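Keep in mind it's a predicted model, so treat the numbers as computed, not measured.
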Amino acid sequence: MSDEAFARLVDDHYAGVFRFALSLARNQPDACDLTQQTFYLWATKGHSLRDISKVKTWLFTTLYREFLRMRKRSARVTSVEDLPPGEREVAAEDVDQARRMDSAAVVQGLLDVDETHRAPLALFYLEELSYLEIAETLGVPVGTVMSRLSRGKAQLRAALAARKNDGGVVQFPAQKGGIQ
Amino acid sequence: MKNEEARFVLQAYRPNGADSSNAFFAEALGQADSDAELRAWFAREQAFDAAIAAKLREINPPAELRDNIIAGGRAGMWHRNTWWLPVWLGVAAVFAALFFTVVRLRPAAPVDARQLTLFALSDAAHEELHKGIVAGLADVEDTLGDPKTHLAHGLNVNEDDLRARGCRSVQVAGRDVFEICFKRGDVFHLYIARTGEFKTQTDPGIPAFQSKGGMSSVTWTAANHVYVLVSDRSMEDLRRLL
């Protein structure tokens with residue numbers, strides 16, 4: 001792959017990849033490391049991908065695997081099946097609240113969602129991958145993705161509501177060009 | 001499909017419409033069209049999802065991230081494109097080592113004995129280069145000088161012994177060649193080399209005569225050695241010594 005082609009690929013995908021990395025790592029430095037590592041792996045191993053239309057899935061899958069590897073050292077394994085189901089249904093005020101909140105607060109709410117549900121949720125909201133591709137990326141069955149989405153959304157709504165009840169004070173300092 | 005099932009399916013429907021052509025959602029979407037309650041829920045769900053997605057899109061990567069990715073990727077591509085370099089350098093080094101080992105251990109290919117003959121013809125013409133009669137080789141010289149001695153079958157040559165006894169040795173094409181002067185009426189010069197190092201163009205035992213610059217030579221092979229006998233006498237005189 002030429003330098004120009006690689007730069008185009010980066011331009012097309014790095015923002016989405018970074019956002020997913022941020023949702024997983026929950027802090028900007030680790031998200032940047034994960035993003036760079038993902039593209040580095042593409043530069044060194046991506047040529048083995050036969051179906052070029054799968055680039056996006058390859059990138060997200062690789063990032064997720066790298067995240068799991070990174071986290072493995074200090075992993076706290078949560079059994080998804082032990083988590084309570086998402087019970088809170090979307091209400092009209094949830095929509096209004098989401099619209100009113102600034103992006104950093106919404107992201108912080110997303111980061112409050114437990115990791116198992118956060119990964120499919122972030123991929124869903126990035127709108128880059130279908131539920132099938134999310135399942136492929138995370139290496140879980142489609143049904144698992146669906147239930148994790150359902151529970152993840154419920155957790156997110158609860159997290160956003162809790163932030164609202166806290167007076168809307170969001171400890172999520174925004175930086176120029178990014179968040180931390 | 002019950003509404004609960006439809007909700008379970010539709011909550012995975014992306015708010016940007018990217019799933020509109022996905023048949024997986026068709027039945028649930030159809031049900032939402034016909035069920036007011038489900039339709040209202042779906043509208044809220046989509047609005048909420050769209051709001052969250054929009055907020056997520058507002059998160060921009062750090063300004064330097066792109067350049068860092070590009071730089072890292074270039075390094076990665078260089079590494080990928082040149083991964084073979086150290087491998088091939090290693091392979092080349094192994095081959096070089098093998099080559100030199102083989103060259104050093106393998107016996108050198110024999111040189112055309114005509115080189116030895118030409119050298120002998122030239123060398124013998126310069127008496128000043130020769131040691132003449134060597135005291136340590138008196139018995140050898142006596143044997144060679146004896147008219148009864150025929151050289152065609154060669155001599156019982158021991159190179160270490162010749163060297164130890166002070167026999168003149170020279171190098172021709174990098175090979176050791178011994179030279180013994182002896183008198184049989186006139187002075188003759190006998191050059192002795194190993195057959196593995198010089199190869200005559202004639203069959204073993206068949207002498208090859210040559211003359212040059214007033215000197216005559218005869219070259220032949222016997223046992224493990226190649227001999228060149230040189231004199232300023234005629235080729236016929238040389239033949240009589242064989």
Between Phe25(B) and chain A, which part of the residue has a heavy atom less than 4.5 Å away: side chain, backbone, both or neither?
->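 For Phe25(B), the contact with chain A is made by the side chain alone.
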With Phe60(A) as reference, evaluate Phe20(A), Phe18(A), Phe67(A), Trp42(A) under the ring-ring contact (aromatic ring centres under 6.0 Å, His included) test and give the passing residue.
->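 Among the candidates, only Phe20(A) passes.
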With a 4.5 angstrom heavy-atom cut-off, which part of [X] approaches chain B: side chain, backbone, both or neither?
{"X": "Tyr131(A)", "value": "side chain"}
{"X": "Ile134(A)", "value": "neither"}
{"X": "Ser23(A)", "value": "neither"}
{"X": "Leu156(A)", "value": "side chain"}

Glu64(B), Arg44(B), Arg7(B): which one forms the most heavy-atom pairs within less than 4.5 Å of chain A?
->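 Top option by heavy-atom pairs under 4.5 Å: Arg44(B).
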Report the option among Asn22(B), Asp19(B), Val9(B), Asp49(B) that has the most heavy-atom pairs separated by less than 4.5 Å from atoms of chain A.
->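 Most pairs with chain A among the choices: Asp49(B).
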OH-CZ distance between Tyr14(A) and Arg19(A), expressed to the nearest 0.5 angstrom =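 It is 9.0 Å, given to the nearest 0.5 Å.
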Is the closest basic N to carboxylate O distance between Asp12(A) and Lys56(A) below 4.0 Å?
->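 Answer for the salt bridge query: no.
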Do [X] and [Y] make a side-chain contact, defined as non-hydrogen atoms from C-beta onward lying under 4.5 Å apart?
{"X": "Leu10(B)", "Y": "Trp41(B)", "result": "yes"}
{"X": "Phe39(A)", "Y": "Phe6(A)", "result": "yes"}
{"X": "Tyr227(B)", "Y": "Leu155(B)", "result": "yes"}

